[in-house]
Amino acid sequence: MTTTDDQNVSDVTKLERLKTLHNGEKVPLTFSDAEFERRLGGLRRIMSEKDLDAVVLTSYHSIKYYSDFLFTYFGRSYAMVVTADDTVTITANIDAGMPWRRSFGDNLVYTDWRRDNYIHAIQESLRTRGVNVRRLGVEDDTLPLDSRNKIQAAFENATLVDVAQAAMRQRMIKSAEEIEVIKHGARIGDLGGEAIRNAITGGISEYEVALIGTEAMVHEIARTFPDSEIRDTWVWFQSGINTDGAHNWATTRKIQEHDILSLNCFPMTSGYYTALERTLFYGEPDARSLELWNINVEVHKRGLELIKPGAVCKDIAAELNEIFVGHGLLANRTFGYGHSFGVLSHYYGREAGLELREDIDTVLEPGMVVSMEPMITVLDGQPGAGGYREHDILVVGEDGSENITKFPFGPEHNIVGA
């Protein structure tokens with residue numbers, strides 16, 4: 001339904017600016033109501049600590065984390081307004097009733113018929129709840145300056161206060177329900193890896209292999225999470241020179257004998273990222289390639305041992321650096337040794353406070369989920385040219401960590417016969 005009767009309107013300027021579109025029934029969400037109340041309780045503690053009257057969340061990851069709704073941008077802005085005792089998502093009319101069906105809390109729809117209806121919706125969501133805004137939380141790490149200026153103008157007497165870093169720290173500790181979803185994601189990534197390994201043959205294109213892995217994972221996500229949206233799962237399958245970067249998309253290059261290969265599966269379960277990444281060879285690698293591969297595996301194995309409660313991110317990086325130094329390969333590293341998991345993808349949600357890098361002093365705690373993923377790259381024309389990378393996901397517990405990635409790694413398992 002809508003808030004007014006538009007049936008007989010003949011002038012677009014008379015169409016309503018805002019709508020209530022409770023179309024259909026709420027669908028089962030990814031997590032329980034208690035889980036969303038737990039998350040919102042954490043955000044409200046942040047609000048109390050910062051003396052905030054309300055928060056306007058605008059990022060993919062925060063709106064998803066606190067409401068379960070993952071928006072599709074396409075040039076329109078979205079928000080979630082959180083007060084001391086209520087929540088409402090602000091969504092575009094093009095989505096109709098879907099955001100209400102797939103979100104925890106209330107929903108307000110804005111239309112295209114007047115400029116800045118989005119800002120008007122934020123204003124109205126607070127006005128109708130009787131909130132006098134003195135201090136308003138926003139996400140400065142992802143909020144465009146133009147949007148921030150418009151929010152400030154809409155609440156000209158309010159002080160805008162960043163909540164992004166505090167919200168990120170909250171997301172770094174996963175609940176039991178989140179860890180269950182992540183474990184399924186790791187399992188599904190393993191299935192994608194098996195499908196890819198079985199598809200590898202001479203002459204097949206990278207993108208064809210990627211499609212096979214993606215299809216296998218999507219089918220399993222649908223089977224495991226039958227009420228979820230099916231979206232965003234992908235594969236990066238790289239061969240030869242294309243393995244030099246971890247984020248290189250699949251191309252039309254065809255696999256050739258003795259190619260180095262990189263398998264990268266990314267099942268996305270309701271906005272939750274998991275990954276499986278492995279080095280493989282099609283046919284026997286040459287001696288230098290095998291040596292480099294084994295060195296990276298050595299670092300990977302040691303890294304898996306170091307992930308446990310009480311370990312400091314930068315200390316893990318420092319120790320693993322020493323292994324590469326011993327082999328003269330430190331300069332061949334391409335990125336940090338691992339990162340946090342949760343609500344993230346290649347276009348949203350990085351939890352930068354939980355990365356295994358030399359400049360991060362975060363202490364690992366139970367409930368954190370991190371990867372171990374060392375990588376080195378040897379440039380084209382040099383012996384052993386290519387990118388070598390392994391990737392496992394670990395859940396930090398009270399006494400140690402659980403490796404939830406089961407796909408084997410190393411030359412003993414991942415040389416595919418040519």
Quickly, which of I255, N414, T279 forms a side-chain contact (heavy atoms from CB on, under 4.5 Å) with L261? Name it, please. I255
Mind checking side chain to side chain contact (heavy atoms under 4.5 Å, CB included) for D244 and listing every partner two or more places apart, or none if nothing turns up? N248, T377
Could you pull out all residues at least two apart from S270 that satisfy side-chain hydrogen bond (donor to acceptor under 3.5 Å, both in side chains)? T30, K64
Taking every non-hydrogen atom, the tightest pair across M217 and I188: CG-O, 3.5 Å
Hits for ring pair (Phe, Tyr, Trp, His ring centres under 6.0 Å) against Y347, two or more places apart or cross-chain, chain-then-number order -> Y60
For P366 and G397, the nearest pair of non-hydrogen atoms, with its separation, is CG-O, 3.4 Å
Using a cut-off of 6.0 Å, state whether more than 12 heavy atoms not belonging to D399 lie near its atom CG. no
From the options E229, M98, R102, select the one residue that forms a side-chain contact (heavy atoms from CB on, under 4.5 Å) with V27. R102
The single option from M372, H300, E277 passing side-chain contact (heavy atoms from CB on, under 4.5 Å) against E390: H300
Are there over 12 heavy-atom neighbours, none belonging to R38, within less than 6.0 Å of that residue's CZ? yes
Counting C-beta onward and ignoring hydrogens, is there a side-chain heavy-atom pair between V369 and E351 closer than 4.5 Å? no
What heavy-atom pair brings G303 and L320 nearest, and what distance separates the two atoms? N-CD2, 3.7 Å
Partner set under ring pair (Phe, Tyr, Trp, His ring centres under 6.0 Å) for H413, not counting sequence neighbours: none
Do the rings of H346 and W249 sit parallel, tilted or perpendicular, given the 30° and 60° boundaries? perpendicular
Using the ring pair (Phe, Tyr, Trp, His ring centres under 6.0 Å) criterion, which residues pair with W100? Sequence neighbours excluded. H22
Residue pairs meeting salt bridge (Lys or Arg N to Asp or Glu O under 4.0 Å), one or both in residues 309-319, sequence neighbours left out, come to R302-E319
Over 60° means perpendicular and under 30° means parallel, so classify the ring planes of F266 and W234, tilted if in between. parallel
Among residues at least two apart in sequence or on other chains, which ones pass side-chain hydrogen bond (donor to acceptor under 3.5 Å, both in side chains) with T224? R187, E220
Within 6.0 angstrom of I241 CD1, more than 12 heavy atoms from elsewhere: no
For L126 versus V81, what's the shortest heavy-atom pair and its separation? CD2-CG1, 3.6 Å
Report the residues that fulfil ring pair (Phe, Tyr, Trp, His ring centres under 6.0 Å) with F341, sequence neighbours left out, ordered by chain and then residue number. Y273, H339, H391
Less than 4.5 Å apart, side chain to side chain, heavy atoms only: is that true for Y110 and R76? yes
In this structure, are over 12 heavy atoms from other groups packed under 6.0 Å from Q382 atom CD? yes
May I ask you to check if R333 and Y337 form a cation-pi contact, with NZ or CZ under 6.0 angstrom from the six-membered ring centre and within 45° of the axis? yes
If you measure from the Lys or Arg side-chain nitrogens to the Asp or Glu carboxylate oxygens, is any gap between D68 and K26 under 4.0 Å? no
Taken in chain and number order and not counting sequence neighbours, the residues that satisfy side-chain hydrogen bond (donor to acceptor under 3.5 Å, both in side chains) with K406 are none
Kindly write out the residues that satisfy side-chain hydrogen bond (donor to acceptor under 3.5 Å, both in side chains) with N198, not counting sequence neighbours, or none if the list is empty. none
Please determine, by modelled atom types, if D95 and T72 share a side-chain donor-acceptor pair under 3.5 angstrom. no
Taking the cut-offs as 6.0 angstrom to the six-membered ring centre and 45 degrees off its axis, would you call R39 and F31 a cation-pi pair? yes
Could you tell me which residues satisfy side chain to side chain contact (heavy atoms under 4.5 Å, CB included) with A216, sequence neighbours excluded, listed by chain and number? A195
Listed by chain and number, what are the side chain to side chain contact (heavy atoms under 4.5 Å, CB included) partners of I173, not counting sequence neighbours? E365, M368
Considering only heavy atoms from C-beta outward, does the side chain of Y272 approach that of E178 to under 4.5 Å? yes
Just wondering, do Y66 and T87 contact through their side chains at under 4.5 Å, heavy atoms? no
Check whether more than 12 heavy atoms from other residues, nucleotides or ligands sit under 6.0 Å from atom CD1 of I94, and answer yes or no. no
